[in-house]
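Since the structure is predicted, the reported quantities are computational estimates derived from the model, not experimental observations.
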Amino acid sequence: MVQRVQAQARVPALSVALHRADRPLWTYQVGGTGVAATATSAATGTSVATATATGADAALGPATRFRIGSVTKTFTSVLVMQCRDAGLLDLDDPLSRHLELPAHGDLTVRRLLSHTAGLQREPYGDVWDTLRAPRVDELVADLARVERVLPVGRRYHYSNLGMALLGRLVGVLRGGTWAEVLADRVLTPLGLADTSVDPGPSAATGFLVDAYSDEAHPEPPTDFGAVGPAAQLWSTAPDMARWAAFLADPAALDPTGAVLAATTLDEMRWPATTVDETAWSAGFGLGLILVPYPERVVHVGHDGAMPGFLAGVYGRRGGDGTAGAMGCAVLASSGTATEALELPHRLLAAAAEHDPADIVAWRPGPGAPGPLRGLLGRWWGEGFEYVFSWHDGALRARGADDPAGRPPAVFAPVPGSPDVFRTVSGREVGELLRLTRDVDGTVVGMHWATYRFTRRQETFDRYDFRV
């Protein structure tokens, strides 16, 4: 699959990695930054001869760095959420609460993260003509000349400028530059040693491949300055596959939540908006792109594009065959080979289908605590039948006709109230479940999100709890 994309899309260098908790890291490279480079499979140790005429003589391998462009935004978003979890900000804070800005200080952190602030896409000026990004002081001063192109919250509108301001916010709150905070609080703890704001000595050259010939034109290197939090980073496919796995399954790579709590990543992955009002093929959470697939599968991550480079970095959640900590990165040294952006999704799906995760054997476990055993089984609410059960140490509920892949509602006890539970995931998350017992202590009724649940199907006007 990788070879086909490299050949058909005419990519001078293509580096791919697939991360999963139950298999060794898989990497593959095709092409090279020099003449007569080779494609090496980490899975087999074999080489596949290729040839590109890029004008540089350097080997291509897993450690080769590529520009990852807007994948950088996922790192900045995690830094923002770290600040929120540390109590340094609230997502609904206006920027002016933390930064001195000449304009647009009323925009909130949440709106900027989800690209629903209505702010124009780029900083003031013709950055893509000059390839000169503003300094921080210039970026801030020029906000007075920046447009609000849409009303706040009207719809999705992508903004590099918005993410640059969030990077500035992180630096101010943490007392350092965005790059310093990133290295200290994300890159080092997660072991992403090959990810940096600089290309390093082994970076691939980015190219524009001529549309009507086989000539590859080198693109000029660019430093994005104050817009760095939106697009500055360089990285390798193994590092980015690990990062994608973290975004999808943080508990597997960061079990103590040292970088970010798993519940906070859950929050970031919740869709805040769609990118198209009619084709709901992708959405945005808090700094993350969400791509839904059938059978309750979602790919979470981001694409990146910079002159001469494309990157697709996504983790996979849900569905049969999906392994824990499953992430894929595709890094390309062509600015126009958009087929490379579809490749991570295809590789993740192929891995889940053709090399599915091992099925964990079921083993007997403890039953429900005595006071709860009587409530297990079938109940009726709003005219529909539900099944309450006890699995993995928790009370659960699901509709009797729910498809197999739909997750159940899971409940947790409310401290100090033995017959009250909080829904912690699934249907009616956040709502209370209250039990009603008769004089013998038998559960004869329940209220879930204030709706009455009974052992028989009943109309709304009937009430026969015996207390």
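Evaluated for a side chain to side chain contact (heavy atoms under 4.5 Å, CB included) with Met268, the options Leu113, Leu260, Val80 yield exactly one hit, Leu260. Among Trp380, Tyr386, Trp379, the one residue that satisfies the ring pair (Phe, Tyr, Trp, His ring centres under 6.0 Å) test with Phe453 is Tyr386.
Taking the centre of each ring, His302 and Phe284 come in below the 6.0 Å mark.
Heavy-atom contacts from other residues, nucleotides or ligands closer than 6.0 Å to CG of Asp320 number 12 or fewer. When the shell of 6.0 Å around CZ of Arg148 is examined, it contains more than 12 heavy atoms from other residues, nucleotides or ligands. Other residues, nucleotides and ligands contribute over 12 non-hydrogen atoms within 6.0 Å of the OH atom of Tyr158.
Annotation: ring-ring contact (aromatic ring centres under 6.0 Å, His included) contacts involving residues 71-99, sequence neighbours excluded, comprise Phe75-Trp243.
Between the His19 side chain and the Ala325 main chain, a donor and an acceptor come within less than 3.5 Å of each other. Although no hydrogens or angles enter the test, the distance criterion places a donor-acceptor pair under 3.5 Å between the side chain of Ser96 and the main chain of Gly105. Glu147 places no side-chain N or O within 3.5 Å of a backbone atom of Val149 that could act as its donor or acceptor partner. The backbone N or O of Val429 lies less than 3.5 Å from no partner atom in the side chain of Arg422, so there is not a single donor-acceptor pair.
Residues Trp234 and Thr195 bring no donor and acceptor atom of their side chains to less than 3.5 Å of each other.
Under a 4.0 Å N-O distance rule, the pair Glu267/Arg84 qualifies as a salt bridge. Ionic pairing of Asp249 and Arg317 is not present here: no N-O contact between side-chain nitrogen and carboxylate oxygen is shorter than 4.0 angstrom. The existence of a salt bridge linking Arg23 and Asp355 is confirmed by a sub-4.0 Å separation between a basic side-chain nitrogen and an acidic carboxylate oxygen. Ion pairing between Glu382 and Arg427 holds under the 4.0 Å rule for side-chain N and carboxylate O. Salt bridge present: Asp142 and Arg145 bring a charged side-chain N and a carboxylate O closer than 4.0 Å.
The side chain to side chain contact (heavy atoms under 4.5 Å, CB included) test applied to Ala404 returns no partner, not counting sequence neighbours.
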